Amino acid sequence: MSIFERFQSGAIGLSLLMLAGLPMLSSAQSVPRAKTLIIAQNFDPQTLWPNGTTASTNLNAGAAVVEPLFWINPATNKLEGVLATSYTLQSPTVHKIELRRGVKFSNGEAFNADALIHTLGVFVDKVVTPAYSIYAAPMEKFEKVDEHTVLIHTKGPYPAMALALTQVYPIPPGYWKEAGPAKFGQAPVGTGPFKFTEWVKDDRVVMDRNPQYWGVAPKGIDRVVWKPVPDDTARAVGLEAGEYDIAASLSGAAVPRFQGQRNLQLYSVNSYRVFTMVLSALPKHQSPLLDKRVRLAINHAIDNNAIVKNLFFGKAQVLQGQVLRKEQMGFDPDIKAYPFDLAKAKALLAEAGHPNGFEIDFKIPSGRYAQDREVCEAIAGMLAKVGIKAKIIALEGGEFLRQLRTQELGPMSYVGLAPPDDPHFQLSQYRSDWRYTFIQSPELDKLIDDGVKEPDVAKRTAIYKRAVRLIHDEAPAVPMFQGLDIYGSNNRVKGLRPTGDQRLFLYGVSLE
Amino acid sequence: MLSYLVRRLLATLPVLLGISFVSFMLLHLSGDPTDYLLPIDVPEATRQAFRHAQGFDRPIMVQFWDFLQKAVTGDFGTSLRFQQPAGSLVWERVGATTELAGAAMLVAILVGIPAGTIAAYRYGGFVDRMVRAVALIGQAIPNFYLGVVAIIVFAVWFRVLPSGGRGSWEQLVLPALTLGFALVALIARVTRSCMLDALRDDYIRTARAKGLGETAVVLKHGLRNAFIPVLTVIGLQFGLLLNGVVVTEIVFSWPGIGRLAIQSIYARDFPVVQTIVFLSALTFVMLNLIVDLLYAVLDPRISYK
């Protein structure tokens, strides 16, 4: 036997030994692939208790087991009951919730007023549920009227209560007391169409059909598997290869790749995340931006349409000169974005005493948002055309958030924020005492305060229209565009409607 | 030998302490995890309550001392993200990373050593030129690129292997080959170089003069003498491999330590990062010790007192 043959046989033998010795880790597949919905998200959940965090990866998986009281049906964009059947305002501070009857948690505990009051007690506990305190802060006390009716008393009028109720996920009191938040998050019990089965960390979360589900279960799905696939390309090709049925958070690069593939479907969703270029009007951020004419000049110098066309395949939604989205209460159709006009921008700069422009720091997050660096480089290029030399300072995600919170992102930065979907939360960011505001205006503060207390929808809308007009005129930001979320599925999946807050609900989804 | 072993083990203690201190300080200098763990718009009172509950409002040296006291008992604290013991979060991923790193190293050894040996034996020939070319390519291609290309070719075009995940031997093939490819190149290159030196030595000529067959000359006399530098490379690379699986684990959705480390660093999950740093340092130190001890097994001239 030659030296080559010896090496060859040795290598083959060792390879066989290696393969034989590999642990066979596949769990028994008791559910056929045809009845299994496999969803690839970019991260493994941290917890399956939906109120544990606000991360969409956690909420998507967790809410298949632990359902909310209400949801905004993406098909109708209306508030609809899930575990509750109605919400009515009894007085400006008393909110009445009627509960669905005959519902049980999958461990047999009854879903009733006691269970909801227990859940609400957990919801308002800022130590146990800190991530939801922005919704819970106005809630004061809870009252059981009967077995299926609960009153929520708030400290003052709370027009965003309907939105808050979509964030409440009832939990079974007995199991919660036995398990506590951490264990509950690892093995949740709820009323949902699926029951928790198995969680192999960073590999899969498995849920099986809940045979006692009170409602109409997703058709054709006996098992749901949530796969964490952090790499964008791997998520896309895994969908293409048929390993996943749904892939969330796809990158823009997937769009040309998937277009024309008849067995795949792409969903482009305008996100609730609103991107703005912050132009600080605060005296603490000494810069030429303190002059409103300079801020207006920058608004005229940025071509948002070109950014969206070239960097987001023309699919992202350009904002209409205001920080609210057109679906939101308070959006003013009469306000238009400042037109892209370099001559006007130069004239305004000259009028403000900067005919040759100036140099300014431009703080941006690095890798926090899709294409963030490319967008900011485009902005810097556009500003250069009017003589403004924007010095890009790229910040790591954590440092970016710290500087945002401590108002260190001034005078100029690029920010994308996704507050809860009520105009109050969006506009609060411009209140003088907000921790990352970049404007001080008593007039705007009053409008924000009036809006949050106004229960009448028409009056509230009018207040917010005045507020967005004021922000538009003062220009402490360049409203740019809404984020773009891209999802993909194969043609087995029907009825999928991802929402602008990156939520994937399984209601109405079926598998063929 | 035993006293040497004890001395080496004792010497690891200050190393581990130093690494723990430096990593703890660097992590805490990098920012407050509250910014990542809570939504940016929660009320300030909630932020402060959270910081107090987690102990972030204490002086940093007090936090380090607290960490150290618990760490010596094996308690590395609770993950800020998962609200589970950091030690068990890391431990449950050790198997996956060891499996991947082990398979990659096995691929590298099974391919790299024979390739390097044959290239040296056929110095200047076709095989030698091929091995050198592959070694160059292997070390030049970043494994995130190689991984994605491998997925597209084998999972999408030919559909013969899965694109990621863990659970079956098929799922191990692509990540192990991707991770092992650069190692194959390195080991083949080092083996070839050492074998070229060894095959020119006098004892090889003597072995041939004695009438030994070529297989015995090359494997028993040549390879064994050339093996010590190769072993050093394998030992060091295995330590680096455990830390370097990050990219491969992300590309192939492999549920290992590297992936957990990256996510924990981004989220400022200090207890988990600290545990991984500690475990990585310990692994590296132990692998070095094992390699040093193996020298004595391979070369009778080496002994430890």
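We use all heavy atoms of the structure for the numbers below, so side chains are in, but hydrogens, waters and symmetry mates are not. Everything numeric in this text was worked out from a predicted model, so none of it was measured. Here is how names work: the chains are called A, B, and so on, in the same order as the sequence lines, proteins then strands, and each is numbered from 1.
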- Query: Would you say the side chain of Lys126(A) lies within less than 4.5 Å of the side chain of Pro43(B), judging by non-hydrogen atoms?
  - Reply: no

- Message: Would you compute the distance between atom CZ of Arg166(B) and atom CG of Asp202(A) and round it to the nearest 0.5 angstrom?
- Response: 11.5 Å

- Query: With a 4.5 Å limit on heavy-atom distance, are the side chains of Thr47(A) and Gln83(B) in contact?
  - Reply: no

- Distance, nearest 0.5 Å, that separates CD of Gln84(B) from NZ of Lys183(A): 12.0 Å

- Item | Closest contact, heavy atoms only, Ser133(A) versus Thr46(B) | OG-OG1, 3.2 Å

- Query: Considering only heavy atoms, which portion of Phe82(B) lies under 4.5 Å from any heavy atom of chain A: side chain, backbone, both, or neither?
  - Reply: both

- Can you tell me if OH on Tyr272(A) sees more than 12 non-hydrogen neighbours from other groups inside 6.0 Å? yes

- In short, Pro255(B) meets Asp203(A) closest at the heavy-atom pair CG-CB, 4.0 Å

- Task: Evaluate whether atom CE of Met130(B) has more than 12 neighbouring non-hydrogen atoms of other residues, nucleotides or ligands under 6.0 angstrom away.
- Result: no

- Between His52(B), Glu44(B), Arg81(B), which has the largest tally of heavy atom pairs under 4.5 Å with chain A? Arg81(B)

- Note on the structure: Applying a strict 4.5 Å limit to non-hydrogen atoms, the region of Ile151(B) in contact with chain A is side chain

- Query: Which one of Pro228(A), Ala137(A), Gly242(A) has the most heavy-atom pairs closer than 4.5 Å to chain B?
  - Reply: Pro228(A)

- Give, as side chain, backbone, both or neither, the part of Pro45(A) having an atom under 4.5 angstrom from any heavy atom of chain B. backbone

- Note on the structure: Contact list (residues 263-274 of chain B to chain A, heavy-atom gap under 4.5 Å, by number) returns Gln263(B), Tyr266(B), Arg268(B)

- Task: Find the one option among Glu399(A), Glu243(A), Arg235(A) whose heavy-atom pairs under 4.5 Å with chain B are most numerous.
- Result: Glu243(A)

- Hey, could you give me the CG/CG distance between Leu37(B) and Leu401(A), rounded to the nearest 0.5 Å? 10.5 Å

- Message: Atom NZ of residue position Lys155(A) - does it have more than 12 heavy atoms of other residues, nucleotides or ligands inside 6.0 Å?
- Response: yes

- Task: Name the region of Glu396(A), side chain, backbone, both or neither, that has any atom closer than 4.5 Å to a heavy atom of chain B.
- Result: side chain

- Message: On a heavy-atom basis, which atom in Val237(A) and which in Val156(B) lie closest, and how many Å separate them?
- Response: CB-CG2, 3.5 Å

- Side chain from CB out, backbone as N, CA, C, O: work out which of these in Tyr244(A) comes under 4.5 Å of a heavy atom of chain B, or both, or neither. side chain

- Looking at CG of Asn42(A) and CD1 of Ile250(B), how far apart are the two atoms once the value is rounded to the nearest 0.5 Å? 11.5 Å

- Under 4.5 Å heavy-atom distance to chain B, tell me which part of Tyr132(A) shows up: side chain, backbone, both or neither. neither

- Do Ser253(B) and Lys227(A) come within less than 4.5 Å of each other through their side chains, counting heavy atoms only? no

- Task: Could you tell me which portion of Val42(B) (side chain, backbone, both or neither) has an atom closer than 4.5 angstrom to a non-hydrogen atom of chain A?
- Result: both

- Query: Distance from Arg159(B) atom CZ to Glu240(A) atom CD, nearest 0.5 Å?
  - Reply: 7.0 Å

- Under 3.5 Å, is there a donor-acceptor pair between the side chain of Glu92(B) and the main chain of Lys201(A)? no

- Message: Tell me the closest heavy-atom pair linking Pro230(A) and Arg259(B), and the distance in Å.
- Response: CG-NE, 3.6 Å

- Query: Between Tyr436(A) and chain B, which part of the residue has a heavy atom less than 4.5 Å away: side chain, backbone, both or neither?
  - Reply: side chain

- Tyr414(A): what forms a ring pair (Phe, Tyr, Trp, His ring centres under 6.0 Å) with it, not counting sequence neighbours? Phe275(A)

